[in-house]
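Report on the following structure.
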Amino acid sequence: EPEVTQTPSHQVTQMGQEVILRCVPISNHLYFYWYRQILGQKVEFLVSFYNNEISEKSEIFDDQFSVERPDGSNFTLKIRSTKLEDSAMYFCASRGASGRADTQYFGPGTRLTVL
Amino acid sequence: GNSVTQMEGPVTLSEEAFLTINCTYTATGYPSLFWYVQYPGEGLQLLLKATKADDKGSNKGFEATYRKETTSFHLEKGSVQVSDSAVYFCALSTGANSKLTFGKGITLSVRP
């Protein structure tokens, strides 16, 4: 069964450093998402991406964040200058057809630790 | 804005016990409702969903009914197993982008 994959599974970085989190969505999917979960808190929406552009972003997704689909298979989340409060589990998701109820498939997540 | 509220956890049950996990929501428009499950060390997996009022989603013995009048989507299972131990998230989606709004999640532990 096709699945969403994410790398790395755990990333440790120093405050102020740039990080890139990588995702490979399911191959025929068209809509891509990033979510994050700070330890003990809710899973929060960050950004959605469709047709090679951001379709919606949350207040969390400020100028320090960017997303890219560089080669038609990978979907990346970049944090330019990490802060301590960026420490969280980051989940990538993708879905296929249009329609509100279509299922988002999630990857296993990347745990980001900012020291 | 949209929000999802789940009952406080964790929940610990004996095998074969009846499970109810409460979920209520606030949304503009007509949301679709979901339950996702996260097993230890894994990502979020869709457990079941419902797209309109009075729909019942079901999977692996779990059920939830979309109740518009009470804005609820409670998860139930008649007889839990040790393998059901996981974190359960209630969520909704609205709008063209279908972004998900999640509840806080609840940890279920089932003991033999």
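This one's a predicted model, so the numbers in the text were calculated from it and none came from an experiment. So that the names make sense, note that chain A is the first sequence line, chain B the second, and so on, each numbered from 1.
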Discussion item. If the threshold is 4.0 Å, N to carboxylate O, is there a salt bridge linking A/Arg80 and A/Glu18?
Written reply: no
Worksheet item: Would you say the ring centroid of A/Phe106 lies under 6.0 angstrom from that of B/Tyr36?
Response: yes
Practice prompt. Go through the atoms of B/Leu100 and report whether side chain, backbone, both or neither lie under 4.5 Å from a heavy atom of chain A.
Written response: both
Discussion item. Quick check: A/Phe32 with A/Phe75 (ring centres under 6.0 Å apart)?
Written reply: yes
Worksheet item: Is it the side chain or the backbone of A/Tyr35 that comes within 4.5 Å of chain B heavy atoms, both, or neither?
Response: side chain
Practice prompt. Name the option with the most non-hydrogen atom pairs under 4.5 Å to chain B; the candidates are A/Phe45, A/Tyr50, A/Phe91.
Written response: A/Phe45
Worksheet entry | Contact class of A/Gln37 relative to chain B, heavy atoms under 4.5 angstrom | side chain
Worksheet item: Given the side-chain rings of B/Phe34 and B/Phe89, with only the six-membered ring counted for Trp, is the space between their centroids under 6.0 Å?
Response: no
Worksheet item: Is it the backbone or the side chain of B/Gln45 that comes under 4.5 Å from a heavy atom of chain A, or both, or neither?
Response: neither
Worksheet item: Would you call B/Lys56-B/Glu63 a salt bridge at under 4.0 Å N-O?
Response: yes
Worksheet entry | Side chain / backbone / both / neither for A/Ser55 at chain B, heavy atoms under 4.5 Å | both
